[in-house]
Amino acid sequence: MNSRTHNCGELTKKNIDKNVRLFGWINSTRTHGKIIFIDIRDRFGKTQIILNTDSLIEKGKTLSNEDVISVSGTVIARSADLVNKNITTGEIEVVAEQIKILNVSAPLPMSIHDREASTEEHRLKYRYLELRNSELQNNLILRNKTTQVVRNFLNEQDFIEIETPVLTKSTPEGARDYLVPSRVHNGKFYALPQSPQMYKQLFMISGLDRYFQIVKCFRDEDLRSDRQPEFTQIDLEMSFVDEEHVRDMVEQLIATVFDEVNNVKMQTPFPTLSYEEAMKRFGTDKPDLRYSIEIQDFKKFSDQSDFQAFKNSESVQMINVHNSEFFSRKIISELDSYAQSLGAKGLAWMKYNDSIFESGISKFFNKNLQSNIASDCNIKNGSICFMIADSSEISLKVLGKIRVKVADMLSLYDDSVFKPVWIVDFPLFNWDEDNQRFDSVHHPFVAPKDQDIKTAISEPEKAISKGYDIVINGYEIAGGSIRIHDQKLQQKIFETMNLTKKDIQSKFGFFIDALKFGTPPHGGIAFGLDRLVMLLAGVNNIRDVIAFPKTTSASALMEDSPNTVSDEQLDDLGIGIKKNEKKV
RNA sequence: GGGGUAGUAGUUCAGCUGGUUAGAACGCCGGCCUGUCAAGCCGGAGGUCGCGGGUUCGAGUCCCGUCUAUCCCGCCA
């Protein structure tokens with residue numbers, strides 16, 4: 001094959017009169033009898049080809065979209081009125097001298113120019129065709145740029161990239177594991193890693209200070225638009241550090257990525273919110289700070305009202321939103337249903353106009369109380385207040401979701417603005433009602449605050465951890481902590497979680513053992529690369545930044561996996577399949 | 001595990017309170033056309049209405065079940 005001289009996106013006026021040879025796909029053809037226009041496309045761009053001799057026109061009539069061709073010809077300038085400003089090569093066109101058809105394409109089952117013009121189901125089945133779409137290609141190129149910047153930055157900071165095993169051991173904590181049966185060890189299973197957590201801590205014990213890895217992780221849980229069963233982490237760990245050291249390094253990394261990938265300058269240090277404050281003000285531990293709506297405690301006002309339902313509630317919370325005229329009965333009713341679907345009894349509301357509250361539940365608040373509320377809560381005319389009364393857990397959580405929903409309805413944010421925030425001072429444990437035991441908020445290796453080392457054992461619910469999450473625009477982008485490096489404390493933490501000594505020994509024995517051989521103080525963080533790229537690309541779906549994503553039920557529609565395997569394969573593994581009664 | 005939305009031509013959709021031959025656009029096939037750039041014009045082919053059952057004289061439309069995708073809750077860092 002003769003080699004190509006240029007790609008389809010690089011010819012400009014500088015190349016006029018040059019003889020060139022291009023390779024690519026036919027993006028579109030426009031036949032005008034004695035002249036045919038062909039747009040030839042590759043991942044770099046599109047170039048317009050002219051066919052204007054009888055023999056070329058004969059050949060050109062047989063061409064159709066997505067055929068693969070090579071074209072040799074001469075670059076000519078377009079006259080000013082014919083310039084196409086939408087493409088980089090719009091000032092020139094190539095007059096063909098020879099066209100070779102390298103492969104004829106069958107008609108495509110979908111449009112590659114307009115992704116919206118196909119169902120997701122269809123697009124995933126023909127993902128290799130959807131990946132011809134420039135928007136999707138640009139997302140993958142952006143992803144590549146991101147990992148390059150990360151690698152460069154971390155290398156310059158003396159981090160070393162080390163791979164960890166993918167076939168590893170199932171642990172009882174955290175998410176459900178993906179399991180891989182062993183043929184050699186009949187009846188035993190590997191687990192795919194949920195994260196390389198213990199391996200990276202072991203690297204610190206080995207003295208391989210400053211480890212990082214861009215690594216696939218696996219969790220067998222139900223999916224969301226920002227969750228895939230296999231996803232990629234930027235995982236890193238450092239020795240001889242405390243929270244500030246890790247956070248400082250991570251801020252520099254994030255600022256570098258946003259600058260070099262998106263040309264966005266981020267101010268460091270990033271703002272910090274304690275977990276408690278985030279929950280109180282935003283009803284979530286991943287607040288979107290691009291809009292200023294905040295939750296306010298309304299109990300002290302509702303207690304003075306005549307509204308019994310509120311007076312009997314443990315907690316009453318309120319958000320105050322401008323644009324009251326937007327909230328018709330219908331919209332409010334939608335929000336109410338949403339609140340109820342999230343577990344609230346209902347969503348109360350009242351509008352503030354002409355310096356009085358009207359409609360909704362306003363009649364339960366007398367004039368005097370109304371003016372106190374307006375001035376204390378800084379409510380302006382043309383506002384609407386939404387309130388939820390329930391346990392403080394539910395009222396905050398649900399109002400936090402209403403806050404996001406309302407901001408979404410009113411378009412209160414800009415996707416090109418990025419607001420990072422650290423969430424710190426997480427509780428070390430939360431109480432697992434179902435299993436009647438304490439469970440780690442992050443994972444069992446997170447160190448308690450120095451002053452809480454004793455509390456962690458005596459009053460676990462009160463201990464605060466050395467964990468930190470970084471949240472950008474309401475997405476949790478990274479989470480990490482300073483780890484426990486004291487063997488005895490690690491053992492006690494496992495015991496606090498109600499694991500038996502036997503369990504601890506069989507699941508984590510090797511790790512507890514390792515801790516006693518001179519473990520340095522250490523800590524680190526793991527980024528969700530997919531979510532990070534999703535933000536950088538300005539999309540709101542993780543599938544748009546992954547080449548071959550899975551569906552919400554964790555299947556791959558293209559190759560139709562997961563799927564059954566042969567009886568021979570099962571026999572090798574010593575596995576029999578129990579029939580699911582419901583499905584037979 | 002639970003809730004919402006969707007499934008009709010190759011693709012995206014329309015199809016009203018059930019009614020006779022299920023439409024449109026794009027794509028495909030054939031023809032015309034020298035300046036288009038998602039070209040235009042003329043003609044043509046193309047359908048088991050996701051699947052299974054039910055109600056009815058009659059079902060794309062109503063009912064029940066089921067499958068798939070998607071969004072959300074639970075779950076998950």
Side-chain angles (χ1 to χ4, degrees), chain A residues 27-41 46-53 57 61 64-66 78-79 81-87 89-90 93 105-126 129 173-177 194-195 197 217-229 231 233 285-286 334 337-344 397-398 401 404-405 423 426 432 434 439-443 446 467 469-471 475-481 525-528 531 540-541 543 550-553 555 557 560 582-583:
Chain A
N27 201 62
S28 67
T29 61
R30 297 172 291 278
T31 66
H32 290 243
K34 297 292 178 205
I35 187 169
I36 296 182
F37 301 96
I38 294 174
D39 290 344
I40 183 172
R41 182 197 78 238
K46 289 190 288 191
T47 303
Q48 176 159 283
I49 309 295
I50 305 284
L51 309 185
N52 58 8
T53 68
I57 284 167
K61 281 181 178 174
S64 59
N65 288 349
E66 301 306 312
R78 299 197 195 190
S79 62
D81 54 324
L82 295 176
V83 167
N84 183 346
K85 285 176 184 149
N86 298 321
I87 57 176
T89 61
E93 53 199 2
S105 171
L108 296 195
M110 58 187 287
S111 162
I112 66 163
H113 305 299
D114 183 7
R115 297 181 59 214
E116 298 307 310
S118 287
T119 59
E120 185 115 28
E121 196 172 350
H122 207 75
R123 280 151 46 193
L124 289 177
K125 182 172 178 187
Y126 297 101
L129 294 179
E173 294 308 311
R176 213 175 278 119
D177 287 315
Q194 297 178 25
S195 80
Q197 184 61 38
C217 302
F218 306 85
R219 290 179 189 151
D220 187 4
E221 294 292 345
D222 287 349
L223 307 176
R224 289 285 187 283
S225 58
D226 63 347
R227 271 194 240 157
Q228 281 275 305
F231 59 100
Q233 285 190 347
D285 60 357
K286 39 182 186 178
E334 271 175 42
S337 311
Y338 181 58
Q340 290 188 38
S341 78
L342 297 170
K397 192 186 93 175
V398 176
K401 299 262 192 188
V404 174
K405 185 84 166 179
I423 310 297
F426 287 88
D432 179 349
D434 293 342
D439 198 7
S440 301
V441 167
H442 282 87
H443 52 65
V446 177
D469 282 359
I470 182 110
V471 172
Y475 289 98
E476 191 204 312
I477 289 301
S481 64
I525 199 163
F527 285 76
R531 282 185 194 162
N540 53 17
N541 193 308
R543 294 185 295 275
K550 293 194 167 48
T551 69
T552 345
S553 62
S555 41
L557 297 179
D560 194 17
K582 270 168 81 181
K583 285 185 178 169

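Here is how names work: the chains are called A, B, and so on, in the same order as the sequence lines, proteins then strands, and each is numbered from 1. Note that the structure is predicted; figures quoted are calculated from it, not measured.
- Nucleic acid contact class of A/R123 (heavy atoms, under 4.0 Å, all strands): none.
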query = Reading nucleotides 29-38 of chain B 5' to 3', which nucleotides get B (base under 4.0 Å from a protein heavy atom), which S (sugar-phosphate only), which -?
reply = ----BBBBB-
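- Every residue was checked against the salt bridge (charged side-chain N to carboxylate O under 4.0 Å, His left out) condition with A/K401, not counting sequence neighbours, and none meets it.
- Partners of A/S481 by side-chain hydrogen bond (donor to acceptor under 3.5 Å, both in side chains), not counting sequence neighbours, listed by chain and number: A/R483.
- Residues passing the side-chain hydrogen bond (donor to acceptor under 3.5 Å, both in side chains) test with A/Q340 are A/D336, sequence neighbours excluded.
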Got a list of protein N/O to nucleotides 46-49 of chain B N/O distances below 3.5 Å?
none

message = I'd like to compare against my own output: the B/S/- annotation of nucleotides 72-77 of chain B with a strict under-4.0 Å heavy-atom distance to protein.
response = SBBBBB
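- Between B/rU66 and B/rU20, the two C1' atoms lie 32 Å apart (nearest whole Å).
- Distances shorter than 4.0 Å separate none of the side-chain N or O atoms of A/T551 from OP1 or OP2 on B/rU68.
- Here A/S79 lies out of heavy-atom contact (under 4.0 Å) with every strand.
- Heavy atoms of A/H443 sit nowhere under 4.0 angstrom from any nucleic acid atom.
- Considering only residues two or more places apart in sequence or on other chains, A/H122 meets the side-chain hydrogen bond (donor to acceptor under 3.5 Å, both in side chains) condition with none of them.
- Scored by the salt bridge (charged side-chain N to carboxylate O under 4.0 Å, His left out) test, A/D39 finds A/R30 as partners (sequence neighbours excluded).
- Qualifying side-chain hydrogen bond (donor to acceptor under 3.5 Å, both in side chains) partners for A/R78, counting only residues two or more places apart in sequence or in other chains: none.
- A/E66 pairs by the salt bridge (charged side-chain N to carboxylate O under 4.0 Å, His left out) definition with A/R41, A/R132, not counting sequence neighbours.
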Atom pairs and distances, side-chain donor-acceptor, residues 220-227 of chain A, under 3.5 Å, sequence neighbours left out:
unit_1: A/E221; atom_1: OE1; unit_2: A/R176; atom_2: NH1; d: 3.4
unit_1: A/E221; atom_1: OE2; unit_2: A/R176; atom_2: N; d: 2.9
unit_1: A/R227; atom_1: NH1; unit_2: A/D222; atom_2: O; d: 2.8

Please write out each protein N/O paired with an N/O of nucleotides 22-27 of chain B under 3.5 Å, distance rounded to 0.1 Å.
none

